[in-house]
Amino acid sequence: MFKRNQPKNSSANQAGLAEMALKNIHDGVIITDKSGVIQFINPAAITMTECGSADKAIGLDYGLLLKLETKEGRELSDLENPLLQAMNSGQPLDSFQGCLIAGQSDKRIPIAISVLPAEGMGQNRIITFRNITKELAEEGEQTEFISTASHEMRTPVATIDGYLSLALNPQTATIDERARSYLAAAEKASKHLGKLFQDLLDVTKLDDGKVKPHFEPVEMVGLVKTISDDYIVRAKDAKLNFTFGSSDPISFGEGRQMSQVVYGFVDVNFMREILDNLIENAIKYTPAGGSIYVNVRGDGDRVLINVTDTGIGISADDLGHIFQKFYRADNSDTRTIGGTGLGLYLVKQRVEAMGGRVWAESAFGEGSTFFVSLPRITSEEYEKRMIVVRNQQLQAQQVQPQATQPAPQSAPQIPAPMAPVMTPAPTPPPAPPISPPAPPTAPTQPAPQINNNLNGVQQ
Ligand code: ADP
């Protein structure tokens with residue numbers, strides 16, 4: 001049998017091995033005390049931060065060494081800086097991608113940075129970070145390929161869609177009922193494909209940093225309500241109860257948040273996409289007769305939004321994966337519900353681009369709650385930022401003297417009507433000729449059994 005070599009188990013030996021590992025790994029490791037003062041730094045962190053030596057770093061505030069900006073090279077305000085938030089709150093941070101501004105050379109190094117509050121050691125924080133230049137380059141190539149491919153494939157799909165609608169339109173084609181049911185299934189599948197390509201394009205634009213948040217000061221209760229209101233009819237059609245703002249007695253208590261005025265500094269289009277995805281999922285994954293609740297409230301220095309449903313729920317195994325690209329839970333319920341597995345990935349990216357966090361709580365068969373936590377601003381900060389916005393509007397009007405709109409006199413409490421979602425309008429199908437040409441090869445075989453299961457994109 002296997003013979004185990006007895007390890008030298010003295011604590012001195014264990015400590016020696018741990019020290020060797022920390023010295024040799026390529027990841028930067030910094031340990032701070034509760035207030036962020038550096039207690040330990042390993043050689044990789046010394047090299048990446050260009051701080052010179054451990055002696056120079058120990059005793060400094062971590063913020064002097066770990067200056068971050070976004071992956072796209074934009075400055076991170078305190079509100080958006082997840083490292084700062086994690087360090088201040090003692091909450092973990094998992095692999096935030098940004099750029100480290102190295103001390104001496106001012107060089108930008110793309111990194112993924114994590115914070116772990118150390119267990120059982122006072123309230124130390126362990127910060128780890130690694131250089132992701134190579135990963136990003138590889139991702140960039142992949143993204144470009146997917147982007148080109150989805151772009152190219154959208155055109156034929158739009159053509160197929162156009163011909164299918166012609167075939168299904170009694171004014172342009174005469175078909176029997178059996179053919180109609182086959183073509184209707186084909187049309188459903190082609191719409192699914194079109195949505196998949198659109199989602200893929202959105203994801204690739206996001207991944208290569210082409211879509212950047214445009215921050216605005218906003219009153220969040222009004223914003224979330226305006227977006228949610230668009231779903232009242234959809235929910236009713238699906239025989240679901242839809243409630244804004246008064247549901248979750250555990251988190252909120254009898255609708256108190258309705259009277260709250262909560263300010264945020266967010267991208268309104270991103271907010272719409274996030275809520276669209278979460279509410280559409282709640283509708284999609286909740287059988288008729290169920291309920292959906294959307295709530296928003298202030299929670300200390302955060303704005304907390306939840307979308308809760310009483311639907312099919314998510315198993316513990318799936319819960320850890322649902323925010324990954326293309327992940328779809330595979331069970332008898334989800335198999336019959338179409339989807340691409342990209343919506344929650346988009347949600348996570350959008351939320352994080354605004355300095356927020358998204359997570360889900362669920363019990364299989366009992367419903368789900370998706371939480372979105374975003375930085376909150378005070379009413380004073382809101383007013384200050386509104387002054388900046390008004391000044392920018394004034395300047396823009398001076399640059400364009402032909403504009404006749406007067407400048408707004410006072411800051412609106414509820415955001416102006418939202419601009420449409422940022423996703424580009426789908427390419428309209430090229431107008432097919434009135435009598436479509438015959439397909440290249442007329443099918444001679446009987447039509448195959450149509451498989452209505454559209455969950456073909458699962459990995
Ligand atoms: P999809 O297009 O499949 O809905 P998403 O990324 O939006 O993709 O969601 C990923 C997976 O998470 C879904 O396939 C589903 O299994 C699960 N999911 C998301 N929202 C809910 C919900 N409200 N209730 C139950 N399952 C959900």
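Indexing begins at 1, ligand by ligand and atom by atom, following the structure's order. The analysis underlying the following values was restricted to heavy atoms, covering all of them including side chains, and did not include hydrogens, waters or symmetry mates.
Arg350 forms a cation-pi arrangement with Phe270, by the criterion of a distance under 6.0 Å to the ring centre and an angle within 45° of the ring axis.
Within the structure, salt bridge (Lys or Arg N to Asp or Glu O under 4.0 Å) pairs that include any residue of residues 129-138 comprise Arg130-Glu135 (at least two apart or interchain).
Counting the atoms of ligand 1 from 1 in the order shown, those under 4.0 Å from a heavy atom of Leu344 are 5 (P), 6 (O), 7 (O), 9 (O), 10 (C), 12 (O), 19 (C). Shown in contact with Leu342 at under 4.0 Å from a heavy atom are these atoms of ligand 1, numbered in order with element: 6 (O), 8 (O). Applying the 4.0 Å criterion to heavy atoms of Arg328 picks out, from ligand 1, the atoms 1 (P), 3 (O), 14 (O). Annotation for ligand 1: atoms under 4.0 Å from non-hydrogen atoms of Gly313 are 25 (C).
Using a 4.5 Å heavy-atom cutoff, the side chains of Val294 and Tyr231 are not in contact. Looking at Glu280 and Ile283, their side chains never come closer than 4.5 Å, going by heavy atoms from C-beta outward.
Of the possible donor and acceptor atoms, one in the side chain of Thr310 sits under 3.5 Å from a partner among the backbone N and O of Ser291. The backbone N or O of Asp78 lies less than 3.5 Å from a partner atom in the side chain of Gln85, making a donor-acceptor pair.
When only interatomic distances are considered, the shortest N/O to N/O separation between Ala329 and ligand 1 falls below 3.5 Å. An N or O contact shorter than 3.5 Å is missing between Ile314 and ligand 1 by distance. Ligand 1 has a nitrogen or oxygen under 3.5 angstrom from a nitrogen or oxygen of Gly341. For Ile322, no nitrogen or oxygen atom sits less than 3.5 Å from a nitrogen or oxygen atom of ligand 1, counting backbone and side chain alike.
For atom 11 (C) of ligand 1, the nearest non-hydrogen atom from the set Phe323, Tyr345, Tyr327 belongs to Tyr327.
Residue Asp309 touches ligand 1 through its side chain alone, judged by heavy-atom distances below 4.0 Å.
Distances from ligand 1 to the non-hydrogen atoms of Lys284 include at least one value under 4.0 Å. The shortest heavy-atom distance from Gly311 to ligand 1 is not under 4.0 Å.
Within a 6.0 Å radius of NZ in Lys71, more than 12 heavy atoms belonging to other residues, nucleotides or ligands are found. Within a 6.0 Å radius of NE2 in His321, more than 12 heavy atoms belonging to other residues, nucleotides or ligands are found.
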